[in-house]
**Q** 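One structure, as structure tokens, below. Some questions next.
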Amino acid sequence: MRTLVTGGVRSGKSAHAESLLADAPAVTYIAPGPCDDDADWQARIAAHQARRPATWTTVEETDLPRAISSARGAVLIDCLGTWATAQLDDLEAWESRTWQDAFAPRLDAAVEAIATYDGDVVLVTNEVGLGVVPAHRSGRVFRDALGWVNQRFAAECDTVALVIAGRVLTL
């Protein structure tokens with residue numbers, strides 16, 4: 001089973017993704033976002049950690065292929081939006097006009113790692129681009145990158161679920 005769970009911020013997508021693997025005997029939870037010392041971000045991470053079973057293994061790694069290659073059991077990646085942000089930060093994409101050329105091979109490698117993983121995979125991502133065009137370049141870069149990321153990973157998944165206000169719509 002490969003499932004992509006998408007939705008807005010605080011929609012319930014992470015809780016839904018976790019429920020999909022509640023009965024799995026072993027889960028590797030991959031947190032692929034950048035490290036941030038912001039107190040609000042740390043509180044958000046702590047809330048996610050408190051909700052997960054103690055038997056799950058957590059891997060904090062922005063290199064998805066490496067993290068996936070060392071995973072055991074089912075894999076839950078939360079979230080592709082933070083992974084994309086880490087990649088864009090590393091590529092200094094916020095100011096670059098040619099970031100796509102360097103981003104594409106990273107995306108290809110991450111998608112390939114998911115496609116070839118021998119086990120269940122649940123991916124969490126943010127749904128972006130449903131509203132107005134972002135006023136700032138960084139917002140447009142993020143929206144475009146995550147849109148590509150979501151399409152590529154969704155193509156490798158058996159199921160895509162959209163979570164809105166805690167309700168799940170299977171696409």
Side-chain angles (χ1 to χ4, degrees), residues 1-9 13-14 17-18 20-21 26-38 41 44-45 48 56-131 133-163 171:
M1 162 193 72
R2 284 177 177 53
T3 303
L4 178 71
V5 179
T6 187
V9 173
K13 61 190 179 293
S14 293
E18 292 165 4
L20 295 174
L21 297 175
V27 176
T28 301
Y29 182 104
I30 301 173
C35 295
D36 194 332
D37 291 336
D38 178 86
W41 184 250
R44 192 179 193 94
I45 290 171
H48 275 246
W56 288 16
T57 301
T58 299
V59 176
E60 295 180 5
E61 173 66 69
T62 61
D63 184 335
L64 278 182
R66 181 171 49 211
I68 293 163
S69 71
S70 65
R72 299 292 174 258
V75 169
L76 193 158
I77 299 173
D78 193 356
C79 98
L80 294 176
T82 57
W83 174 78
T85 299
Q87 302 310 303
L88 294 170
D89 283 348
D90 187 53
L91 295 170
E92 299 178 350
W94 312 113
E95 301 303 323
S96 169
R97 300 288 179 196
T98 60
W99 62 270
Q100 297 95 333
D101 293 339
F103 186 79
R106 293 178 185 206
L107 177 55
D108 291 344
V111 170
E112 178 65 18
I114 290 299
T116 59
Y117 186 72
D118 187 27
D120 291 338
V121 178
V122 177
L123 304 138
V124 177
T125 191
N126 295 298
E127 194 57 45
V128 295
L130 294 175
V133 174
H136 300 282
R137 183 170 192 289
S138 59
R140 293 187 298 272
V141 166
F142 178 76
R143 177 208 52 202
D144 291 351
L146 191 56
W148 294 323
V149 166
N150 290 349
Q151 289 181 55
R152 290 288 308 283
F153 279 101
E156 292 299 328
C157 289
D158 306 305
T159 305
V160 175
L162 174 62
V163 182
L171 305 176

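These figures come from a predicted structure and were not determined experimentally. No hydrogens, no waters, no symmetry mates; every other heavy atom, side chains included, goes into these values.
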**Q** So which pairs with a foot in residues 91-118 pass salt bridge (Lys or Arg N to Asp or Glu O under 4.0 Å), sequence neighbours left out?
**A** Asp90-Arg106, Asp108-Arg152
**Q** Between Leu4 and Leu80, does the side chain to side chain contact (heavy atoms under 4.5 Å, CB included) criterion hold? Intermediate values first, please.
**A** CA-CA 10 Å; Leu4 178 71; Leu80 294 176; 3.9 Å; yes
**Q** Rounded to the nearest 0.5 Å, what's the gap from OG on Ser70 to CG on Asp63? Could you check?
**A** 9.5 Å
**Q** Using the six-membered ring wherever Trp is involved, compare the ring planes of Phe153 and Trp83 and label them parallel, tilted or perpendicular (cut-offs 30° and 60°).
**A** perpendicular
**Q** Which is it for Ile114 and Arg2 under the side chain to side chain contact (heavy atoms under 4.5 Å, CB included) test, yes or no, and what are the steps along the way?
**A** CA-CA 9 Å; Ile114 290 299; Arg2 284 177 177 53; 4.1 Å; yes
**Q** Where do Tyr117 and Gly73 come nearest, in terms of heavy atoms and distance?
**A** OH-O, 2.5 Å
**Q** Starting at CZ of Arg66, measure out to CD1 of Ile30 and round the result to the nearest 0.5 Å.
**A** 11.5 Å
**Q** For the side chain of Asn150 and the backbone of Asn126, is there at least one donor-acceptor N/O pair under 3.5 Å apart?
**A** yes
**Q** Nearest 0.5 Å please: distance from the CG atom of Leu76 over to the OG1 atom of Thr58.
**A** 10.0 Å
**Q** Using the side-chain contact (heavy atoms from CB on, under 4.5 Å) criterion, which residues pair with Asp120? Sequence neighbours excluded.
**A** Met1, Leu21, Ala74
**Q** Are the side chain of Gln87 and the backbone N or O of Thr62 linked by a donor-acceptor pair below 3.5 Å?
**A** yes
**Q** Which heavy atom of Pro65 sits nearest to which heavy atom of Ala113, and what is that distance?
**A** CA-CB, 3.9 Å
**Q** Any idea which heavy atoms bring Cys79 and Pro32 closest together, and the distance?
**A** O-CG, 3.5 Å
**Q** Check whether any side-chain heavy atom of Val121 sits under 4.5 Å from a side-chain heavy atom of Ile68, and report yes or no.
**A** no
**Q** Pair up each side-chain donor or acceptor in residues 135-142 with any protein partner under 3.5 Å, not counting sequence neighbours, and list the distances.
**A**
from, atom 1, to, atom 2, distance (Å)
Arg137, NH1, Ala93, O, 3.2
Arg137, NH1, Trp94, O, 2.9
Arg137, NH1, Ser96, O, 3.4
Arg137, NH2, Ser96, O, 2.6
Arg140, NH1, Pro134, O, 3.0
Arg140, NH1, Ala135, O, 3.1

**Q** Nearest 0.5 Å, please: how far is CG in Asp144 from CH2 in Trp99?
**A** 6.0 Å
**Q** Under the side chain to side chain contact (heavy atoms under 4.5 Å, CB included) criterion, do Glu18 and Val124 qualify, and how do the steps go?
**A** CA-CA 10 Å; Glu18 292 165 4; Val124 177; over 6 Å; no
**Q** How about Lys13 and Thr125: do any of their side-chain heavy atoms sit closer than 4.5 Å?
**A** no
**Q** Has the side chain of Thr6 got a donor or acceptor atom that lies under 3.5 Å from a matching backbone atom of Leu162?
**A** no
